[in-house]
Amino acid sequence: MTQLTETGQGPAQRMFAADRASRGLGMELLRAGDGSAAVRMTVTADMVNGHGVAHGGYLFTLADTAFACACNSHGPVTVAAGADVVFTAPAHEGDVLLAVAEERTRSGRSGVYDVTVLRDADGRVIAEFRGRSRTVGERGTGGRGTPAGKEAS
């Protein structure tokens, strides 16, 4: 069973602690384990586009981070094989957003995860994201994709 923790001891928490990009955007990992995760981020002035709403790239990044934490909660190094996003409502400067990721299926080295991005204040859905994952190696390979017990070429 994968550790579900808020204190930072599971594989997803260790990965997030090393994720300078997500942490640099002010993201907080609220929970991760057993194929799920929740990540929070506040929309800052630097994240707003020319239309006065949160840039879709930041919304995608938030969802992608929750996806990464969910699919890495099992332990082996797992990366995105692909992802799609649908934006359903605007977010604005000051909005606190919550991305909730849930594993839908995992078979062999592949998985499918859904992430809903919500405005924390009113629960309004801002975006829906579907990510496809691929396990590329075991922890301790340095993330280079060489599964444990295999020689790198």
Side-chain angles (χ1 to χ4, degrees), residues 1-137 139 143 145:
M1 179 174 189
T2 302
Q3 191 169 358
L4 178 62
T5 178
E6 295 180 21
T7 60
Q9 299 306 310
Q13 290 82 1
R14 289 189 299 274
M15 180 202 69
F16 184 81
D19 183 349
R20 292 174 46 194
S22 296
R23 289 183 304 103
L25 293 173
M27 291 184 201
E28 302 170 74
L29 176 60
L30 303 177
R31 64 174 175 79
D34 295 328
S36 69
V39 177
R40 180 173 47 212
M41 178 183 82
T42 300
V43 177
T44 67
D46 290 335
M47 297 175 183
V48 174
N49 67 20
H51 296 296
V53 298
H55 190 290
Y58 290 105
L59 301 176
F60 185 96
T61 301
L62 173 62
D64 188 49
T65 296
F67 161 57
C69 291
C71 64
N72 278 278
S73 68
H74 296 293
V77 174
T78 303
V79 297
D84 301 295
V85 67
V86 176
F87 303 110
T88 60
H92 300 91
E93 181 180 347
D95 283 349
V96 176
L97 304 178
L98 181 63
V100 179
E102 296 293 333
E103 182 177 279
R104 293 297 172 228
T105 186
R106 189 167 57 112
S107 179
R109 297 187 328 152
S110 299
V112 176
Y113 294 78
D114 286 338
V115 183
T116 300
V117 177
L118 307 153
R119 185 173 19 248
D120 197 38
D122 61 7
R124 180 144 189 211
V125 174
I126 303 299
E128 292 286 351
F129 171 106
R130 174 159 276 192
R132 296 169 302 283
S133 69
R134 186 75 169 166
T135 299
V136 296
R139 294 275 169 211

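These figures come from a predicted structure and were not determined experimentally.
In this structure, R124 has no side chain to side chain donor-acceptor pair (under 3.5 Å) partners at least two apart in sequence or on a different chain. Looking at residues two or more places apart in sequence or on another chain, you find a salt bridge (charged side-chain N to carboxylate O under 4.0 Å, His left out) between R40 and E28. Residues satisfying the salt bridge (charged side-chain N to carboxylate O under 4.0 Å, His left out) criterion with R104, sequence neighbours excluded, are D114. Applying the side chain to side chain donor-acceptor pair (under 3.5 Å) test to E93 and every residue at least two apart in sequence or in another chain returns nothing. In this structure F67 satisfies the ring pair (Phe, Tyr, Trp, His ring centres under 6.0 Å) test together with Y113, F129, sequence neighbours excluded. For Y58, there are no ring pair (Phe, Tyr, Trp, His ring centres under 6.0 Å) partners at least two apart in sequence or on another chain. Residues meeting the side chain to side chain donor-acceptor pair (under 3.5 Å) test with T61, sequence neighbours left out: none. By the salt bridge (charged side-chain N to carboxylate O under 4.0 Å, His left out) test, D95 is found to be paired with R119, residues two or more places apart in sequence or in another chain being considered. Residues that satisfy the side chain to side chain donor-acceptor pair (under 3.5 Å) test with E102, not counting sequence neighbours, are absent from this structure. With sequence neighbours excluded, the residues forming a side chain to side chain contact (heavy atoms under 4.5 Å, CB included) with T88 are V86, V125, listed by chain and number.
Proximity of L62 to D64: side-chain heavy atoms (C-beta onward) are nowhere separated by under 4.5 Å. In this structure the side chain of L25 reaches within 4.5 angstrom of the side chain of M47, judged on heavy atoms. Side-chain contact between L59 and L97 is present, with at least one heavy-atom pair separated by less than 4.5 Å. Between V39 and L30, the closest side-chain pair of non-hydrogen atoms is not below 4.5 Å. In this structure, the side chains of H55 and V48 stay at 4.5 Å or more apart for every pair of heavy atoms. Q13 places none of its side-chain heavy atoms less than 4.5 Å from the side chain of C69.
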Does S36 form a side-chain hydrogen bond (donor to acceptor under 3.5 Å, both in side chains) with R31? I'd like the steps, not just the answer.
CA-CA 8 Å; S36 69; R31 64 174 175 79; 3.1 Å; yes
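Side chain of R106 to backbone of V112: no donor-acceptor contact under 3.5 angstrom is found. Using a distance-only test at 3.5 Å, with no hydrogens or angles considered, no donor-acceptor pair links the side chain of R130 to the main chain of V85.
For residues 75-90, the set of pairs meeting the salt bridge (Lys or Arg N to Asp or Glu O under 4.0 Å) definition, not counting sequence neighbours, comprises D84-R132. For residues 50-63, no residue pair satisfies the salt bridge (Lys or Arg N to Asp or Glu O under 4.0 Å) rule, not counting sequence neighbours.
Between atom CE of residue M15 and atom OG1 of residue T65 there is a gap of 7.5 Å, rounded to the nearest 0.5 Å. Put simply, OG on S73 and CD on E103 are 7.0 Å apart, with the number rounded to the nearest 0.5 Å. Note that CE of M41 and CE of M27 are 5.0 Å apart. Values are rounded to the nearest 0.5 Å.
Side chains of T78 and T135: a donor-acceptor N/O pair is present below 3.5 angstrom, by distance only.
Taking each heavy atom of L98 and A38 in turn, the nearest pair found is CD1-CB, 4.2 Å. Looking at every heavy atom in both residues, I126 comes nearest to A91 through CG2-CB, 4.1 Å. Closest approach of A70 to H74, counting heavy atoms only: O-CD2, 4.3 Å. Of all heavy-atom pairs between T42 and G94, the closest is CG2-O, 4.0 Å. Contact detail for L118 and G123: the closest heavy-atom pair is CD2-O, 3.4 Å. Shown here for A66 and A37, the closest heavy-atom pair between the two residues is O-CB, 3.6 Å.
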